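Here is the structure we will look at, set down as structure tokens.
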Amino acid sequence: MSLRLYNTLSRSVEPFVPAHPPRVTFYSCGPTVYDFAHIGNFRSFLAADLLRRYLEFSGYQVRQVMNMTDVGHMVDDEAADGGGPDKLEVARQRLLESKKAGKLPPGVSLDPDDPYAIGSFYAEAFLADARVLGLKVASEMLEDPSLMPRPTQYVPQMIALTKKLIDDRHAYVASDGVVYFDVQSFPEYGQLSGNTLDQLRSGAGGRIDEANQAVKKHPADFMLWKPDPTHLMRWPSPWGEGYPGWHLECSAMALDLLASGDERTIDLHSGGEDNIFPHHECEIAQSRGVTGAKHFARHWFHPRHLFVEGEKMSKSKGTFLTVRDLLARGYGPAAIRLELIKTHYRSNANFTFQGLKDTDRMTARWRAFVERGEASGSDRPADEAVAREFADAMDNDLNIAGAMGAVNKWIGQAAEPSRADAALMRRLDTVLGVLELPEQADAALLERLGIASAGGSVDAAHVEQLIADRNAARASRDFKKADAVRDELAAMGIEIKDGPDGTTWTQRPR
RNA sequence: GGCCGGAUACCCAAGCGGUCCAAGGGGACGGAUUGCAAAUUCGUUAUUCGCGGGUUCGAAUCCCGCUCCGGCCUCCA
């Protein structure tokens, strides 16, 4: 068996075949850095991470690039032609307010008037969160920063692409001075999203600013460069000082970092389902307009959106949870990661706190299994059947639930685990990526992220004292008092556990 | 209106025509263990897969219709 993966381009599950195995080139549309990323963002990035890890498990060598969008695009991005306040301007206002309210994380000296500093601030926050959740590319980029590029570093390449598109008659300068891509010059526009130019034309009625439409050859024509000397971020160009269109950056970076030389096609491209149209559709048109290749990406991977407690989450509704929120409430990185990857990537996952508790239990059991195995004196070889079952499930369009079922069944049935069993579990975990993460976010991590625990800081010495009191009461068989102390601790959010090596305690998530 | 998904027990969820009186996790319930808990462990928890037809020797799995839910169609991962 080998991996079969749904390809948005063909709307079917098909064998994943890179151009030059065992190498795989993989471009992932990453976050925008105008704000903290929410768990919905992370669900999509982690789905890409899971895919990437499974490819590596299967023997591929993956080069994954993930961008961090830091060019300030418009909030009210009518036809992607610019309108409404700049997103970076919005972020700047928000940061200024935080600064005034003294809410900026300690140790951060940030000039909110510097748009690059704003982007850097949120980019660093994203990288920190991503590493907490085991996003591999976020760790790799410490060695090779080009793996997580930012479009403000790629403006010359974007200008070069625009020039070539104009030269090749795929783009034109309209009467308003804006450079547009001419969708009618690219007959396959719409293939990825299942649109046709006619549908797009009729669908455009009433939704698009008339004045703006008037200058374009087709309503679906999208902006490549907008001259605007008042924009917060702007660069000189042959079409005047201004800024690039928001689809262009991914074409520029993917082609430059993954398809340089003779190679004009990348193997894999991922992004949230909302990116299918227009973003990826436009990327394909631009990129193939430049390269002339049959494909921009051979395989398109689009995880679906995450719901929270049954409700759609979105930035505009403000119903989003961040990784920091969950850590502050006492949930551990391992459980958060598993909760976000445990549902098939093409289903709308529903994030719930109940689910987070489920996954917390599951990771604890896996961890205990590995710890017992590694401490075991048994040389009994591992039963490789679970690895086959695991791989069979994952080969089937990343059937993560089936793969987890195989792991759980194995762990449930296995006798005392041997060292080989523990090693096998660790091997499977190179895909799942949860055992390598801490079970609990410790104080040092919380401080590094600049967040305070919502539970307040627990006075560890006080807790230890109460536990000592309780154990003294137990020793004198005063169980009434012992239970009273335990209730007191519980009221503080502390759970205790009497083990063979004494009493341990943990702070319960809130 | 166009395009694309989905409906499996209390919750999450696998299942891709027979080996399904349907995996796995959580929860609940009962037993062992424990001073009591927690953890662990054993057992129980869907003769049934949204509804109605059909194809087939055989359907949760294929086809048709219906109902409901969701996504995208230029803010969004």
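Just so we're on the same page: letters track the sequence lines, and every chain starts at 1. Keep in mind that this is a model prediction, so the values were computed, not measured.
For rC72(B), one of the phosphate oxygens OP1 or OP2 lies less than 4.0 angstrom from a side-chain nitrogen or oxygen of Lys312(A). The phosphate of rG24(B) (OP1 or OP2) has no side-chain N or O of Asn408(A) nearer than 4.0 angstrom. A sub-4.0 Å separation between OP1 or OP2 of rC76(B) and a side-chain N or O of Thr32(A) is absent. Remark: Asn399(A) is in phosphate contact with rG15(B), judged by side-chain N or O atoms under 4.0 Å from OP1 or OP2. The shortest distance between the side-chain N/O atoms of Asn396(A) and the OP1/OP2 oxygens of rG15(B) is below 4.0 Å.
Using Watson-Crick or G-U wobble geometry with both donor-acceptor distances under 3.5 Å, rU56(B) finds no partner in any strand shown. Base pairing analysis places rU61(B) opposite nothing; no Watson-Crick or G-U wobble pair with both distances below 3.5 Å involves it. Shown here, rC75(B) forms no base pair; nothing in the strands shown gives a Watson-Crick or G-U wobble contact with both key distances under 3.5 Å. Under the Watson-Crick and G-U wobble criteria, each requiring two contacts below 3.5 Å, nucleotide rA38(B) is left unpaired. Here rU45(B) sits opposite rG27(B) as a Watson-Crick or G-U wobble pair (both hydrogen-bonding atom distances under 3.5 Å). Under the Watson-Crick or G-U wobble criterion, with both distances below 3.5 Å, rC16(B) has no partner in any strand shown. Nucleotide rU33(B): unpaired (no Watson-Crick or G-U wobble partner with both distances less than 3.5 Å). Across all strands shown, rU67(B) forms a Watson-Crick or G-U wobble pair, both distances under 3.5 Å, with rA7(B).
Tyr345(A) has its OH atom 13 Å from the P atom of rA14(B), to the nearest Å. One atom, CH2 of Trp246(A), and another, P of rA77(B), lie 8 Å apart when rounded to the nearest Å. One can place CZ of Phe222(A) at 16 Å from P of rC73(B), the figure rounded to the nearest angstrom. In this structure, the NE2 atom of His302(A) is 14 Å from the P atom of rG5(B), given to the nearest Å. Atom pair Glu281(A):CD and rC3(B):P shows a separation of 15 Å (rounding to whole Å applied). For the pair Met68(A) CE and rC76(B) C1', the interatomic distance rounds to 19 Å; values are reported in whole Å. Summarising the geometry, the separation between NE2 on His280(A) and P on rC4(B) is reported as 20 Å, rounded to the nearest angstrom. Computed from coordinates, the His305(A) NE2 to rG5(B) C1' distance equals 14 Å when rounded to whole Å.
Side-chain N or O atoms of Lys497(A) include none that pairs as donor or acceptor with a backbone N or O of Thr504(A) at under 3.5 Å.
Residue-level contact check: Lys342(A) touches the backbone only, with heavy atoms under 4.0 Å from sugar-phosphate atoms and none from bases. Counting non-hydrogen atoms under 4.0 angstrom, Gly271(A) reaches the backbone sugars and phosphates but no base. Using a 4.0 Å heavy-atom cutoff across all strands shown, Ala220(A) reaches at least one base atom of the nucleic acid. Among the heavy atoms of the strands lying under 4.0 Å from Phe307(A) are primed sugar atoms or P, OP1, OP2 only; no base atom is included.
Minimum atom distance to the side chain of Thr343(A) is reached by rA13(B), of the listed rG71(B), rA13(B), rA77(B). With rA77(B), rC73(B), rG70(B) as the choices, the nucleotide that has an atom nearest any side-chain atom of Phe277(A) turns out to be rC73(B). Which of rA77(B), rA14(B), rA13(B) sits closest to the side chain of Asp274(A) comes down to rA77(B).
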>> What does the B/S/- profile of nucleotides 27-46 of chain B look like, 5' to 3', with a 4.0 Å heavy-atom cutoff to protein?
In response: S-------BBBBSS------
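Of the P atoms belonging to rC57(B) and rG2(B), the separation is 37 Å, rounded to the nearest Å. Remark: the separation of the C1' atoms in rA59(B) and rC64(B) is 15 Å, to the nearest Å. For rU44(B) and rG53(B), the C1' atoms lie 37 Å apart once the distance is rounded to whole Å. Taking atom C1' in both rU67(B) and rG27(B), one finds a spacing of 30 Å when rounded to whole Å. Comparing rG25(B) with rU41(B), their P atoms are spaced 11 Å from each other, to the whole Å. Nucleotides rG26(B) and rU19(B) place their C1' atoms 28 Å apart, quoted to the nearest Å. Across rC66(B) and rC72(B), the matching P atoms stand 25 Å from one another, rounded to whole Å. Of the C1' atoms belonging to rC62(B) and rG15(B), the separation is 15 Å, rounded to the nearest Å.
If you look at Tyr54(A) and Phe57(A), their ring centroids are closer than 6.0 Å. Under the 6.0 Å cut-off for aromatic ring centres, Phe16(A) and Phe301(A) do not qualify, their centroids lying 6.0 Å or more apart. Aromatic ring centroids of Tyr180(A) and Phe222(A) lie 6.0 Å or more apart.
For the residue pair Glu249(A) and Thr69(A), a side-chain donor N or O sits within less than 3.5 Å of a side-chain acceptor on the partner. Using a 3.5 Å distance cut-off with no hydrogens or angles, the side chains of Asp478(A) and Ser476(A) do not pair a donor with an acceptor.
Map Thr352(A) and Met362(A) each onto its nearest nucleotide of RNA chain B; the residue landing nearer the 5' end is Thr352(A). Place Pro303(A) and Lys409(A) on RNA chain B by their nearest nucleotides, and Lys409(A) ends up nearer the 5' end.
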>> One pair to check against side-chain contact (heavy atoms from CB on, under 4.5 Å): Arg131(A) and Met141(A). What are the steps and the verdict?
In response: CA-CA 11 Å; Arg131(A) 286 173 200 137; Met141(A) 70 82 74; 3.5 Å; yes
> Should Phe296(A) and Gln286(A) be marked as a side-chain contact (heavy atoms from CB on, under 4.5 Å) after you check the CA-CA gap, both sets of side-chain angles, and the distance that decides it?
Replying inline: CA-CA 9 Å; Phe296(A) 170 40; Gln286(A) 289 162 350; over 6 Å; no
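With sequence neighbours left out, the side-chain contact (heavy atoms from CB on, under 4.5 Å) criterion links Ala128(A) to Arg324(A), Leu449(A). In this structure His280(A) satisfies the ring pair (Phe, Tyr, Trp, His ring centres under 6.0 Å) test together with His269(A), Trp300(A), His302(A), sequence neighbours excluded.
Between Phe351(A) and Phe353(A), the ring planes are perpendicular. Angles over 60° get that label, and only those under 30° would be called parallel.
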